[in-house]
Undergrad: 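Structure below; questions to follow.
Letters A, B, ... mirror the listed sequences (proteins, then strands); counts begin at 1.
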Amino acid sequence: MLNRVVVTGYGAVTPLGLNVDDTWRNLVAGVSGVGYISLFDATDFKVKIAAEVKDFDPAAHLDPTAARRNDRFAQFALVAGIQAIDAAGLKVDDANRYDIGVLIGSGVGGLDSLTQQLDVLKTRGPTRVSPFLVPMMIADSASSQVSIKMGIMGANFGLISACATGTDALGIAYKMIKWGEIKAMVAGGADAAVTPVGFAGFTQAGALSRNNEPQKASRPFDMERDGFVVGEGAAVLVLENLDYARSRGASIIAEIVGYGATSDAFHITQPLENGEAAAKAIELALAGVDCKKVGYINAHGTSTPLNDASETKAIKKAFGDRAYKIPISSAKSMLGHMMGAAGAIEAVVCCKVINEGIIPPTVNLEHPDPECDLDYVPNVARDGDVRIAISNSFGFGGHNSVIAIGRYDGQ
Amino acid sequence: MNVFEEVKKALCKASAGLDESKVVSGALLKDDLDIDSLDLVEVAMTLEDTFNLTLPEDEMENIRTVGDIVSVIEARLKVQSA
């Protein structure tokens with residue numbers, strides 16, 4: 001028998017706050033988390049802006065060893081993971097520790113730790129490289145550190161699909177619970193790619209906005225969009241078998257009602273222009289539900305010329321004429337692109353939209369692009385009674401991943 | 001340079017929050033101080049820099065107590081000054 005899967009808790013560390021509540025409040029207010037880079041000296045870089053997590057002192061959240069022995073992305077994951085588990089009221093003990101797993105993905109893992117130790121290798125030689133390089137660099141350290149911290153002993157692994165990582169992590173966790181392999185999963189994504197080498201690489205690939213007016217640079221679906229803004233952070237959700245959640249008296253936030261994933265099989269950085277595979281992913285995610293109930297789409301909406309146009313085509317292909325009636329917004333207009341964490345925070349946004357009845361806007365949408373002619377909730381949040389929301393995530397590599405989240409009906 | 005004091009410093013640097021009063025010659029690294037094999041590599045690197053010497057891997061492998069580290073360093077210092 002297939003199980004129903006519900007969300008019972010979430011946590012987040014984002015450019016708009018060190019928890020979900022602050023992040024949500026800022027998203028609804030249309031606040032941009034983008035600013036000039038402070039994490040490294042960007043003087044020689046063409047792109048000088050990012051959506052950094054601000055005022056994050058790992059020592060304030062984690063014990064001194066965890067603070068020092070984890071890369072920034074894993075610190076984010078630990079903080080968001082602990083918040084999520086606390087919010088879910090999930091007590092991990094000998095009776096359930098094998099029934100709970102962790103799946104927190106990361107696009108680039110400990111890139112900063114790797115590059116720092118590469119410098120050590122070059123300047124001081126191999127015997128001075130930190131014994132903690134490997135544990136800090138491996139992308140699965142995010143999941144493992146949460147498992148170690150919380151005593152969770154079920155399946156524990158990472159997953160990588162570039163900018164679709166967070167959505168795929170939630171999707172696979174959802175399937176594991178649906179198929180009865182595990183009762184609960186602590187799932188999401190984390191990344192901290194505001195590093196010199198990461199920035200140089202993304203810039204050379206032509207992916208980043210060259211707009212050096214920070215708050216205006218991320219402008220999804222706008223005519224003058226010219227690339228994405230790198231963000232960072234983590235978001236983690238607790239997904240559970242509905243029966244298990246009920247048996248322990250958990251309060252239920254929302255229900256995961258579908259997940260779909262496809263590949264463009266086209267190009268390593270460019271999306272398939274006609275949006276065909278992305279549309280298929282949306283259809284797969286909605287295979288088990290009435291797609292007429294979809295009342296909100298959290299767009300991938302990166303603010304690159306190609307993504308926003310092809311995503312618009314994908315939405316039209318999947319929903320037909322109804323595409324024009326569904327409010328769509330891009331959280332990346334304010335959060336920047338949190339990379340591996342993007343899909344996870346955007347799933348949190350979908351849960352909030354469903355429960356709060358408010359749809360956050362797409363900011364900086366000032367000059368409509370004729371190719372992007374849907375309702376992107378420009379600049380100002382709006383009320384909305386949403387039964388089902390979907391979150392689109394697409395990634396370098398041709399990944400198209402979509403998760404569908406529904407209001408929990410109490411039955 | 002007082003070898004024991006430098007070892008103590010290196011241990012405290014590697015393990016933030018380590019209770020200094022527990023760092024005595026007979027303290028077991030793993031059981032008493034929660035210093036694992038990765039921490040020990042970092043401690044050795046710090047001490048190699050401090051004393052400008054190389055600690056042989058085979059000797060480091062047998063280390064169990066704070067005093068063991070001190071002995072290995074003192075032995076290397078003697079070899080070097082001889």
Undergrad: Is it the case that the side chains of B:Asp39 and B:Ser15 hold a donor-acceptor pair, with the cut-off being a distance below 3.5 Å and no angle test?
TA: no
Undergrad: For chain A, which candidate among B:Asp49, B:Leu18, B:Leu40 shows the most heavy-atom pairs at distances under 4.5 Å?
TA: B:Asp49
Undergrad: Could you tell me which portion of B:Ala14 (side chain, backbone, both or neither) has an atom closer than 4.5 angstrom to a non-hydrogen atom of chain A?
TA: both
Undergrad: Looking only at atom types and distance, does a side-chain atom of A:Arg97 sit under 3.5 Å from a main-chain N or O of A:Met153, one as donor and one as acceptor?
TA: no
Undergrad: Does B:Glu42 pair with A:Arg69 as a salt bridge, N-O distance under 4.0 Å?
TA: yes
Undergrad: Please work out which of the three classes, parallel, tilted or perpendicular, describes the rings of A:Phe56 and A:His61, given edges at 30° and 60°.
TA: parallel
Undergrad: Would you mind checking which part of A:Arg68 comes under 4.5 Å of any heavy atom in chain B, side chain (CB onward), backbone (N, CA, C, O), both or neither?
TA: side chain
Undergrad: Side chain, backbone, both or neither: which part of A:Val134 has an atom under 4.5 Å from a heavy atom of chain B?
TA: neither
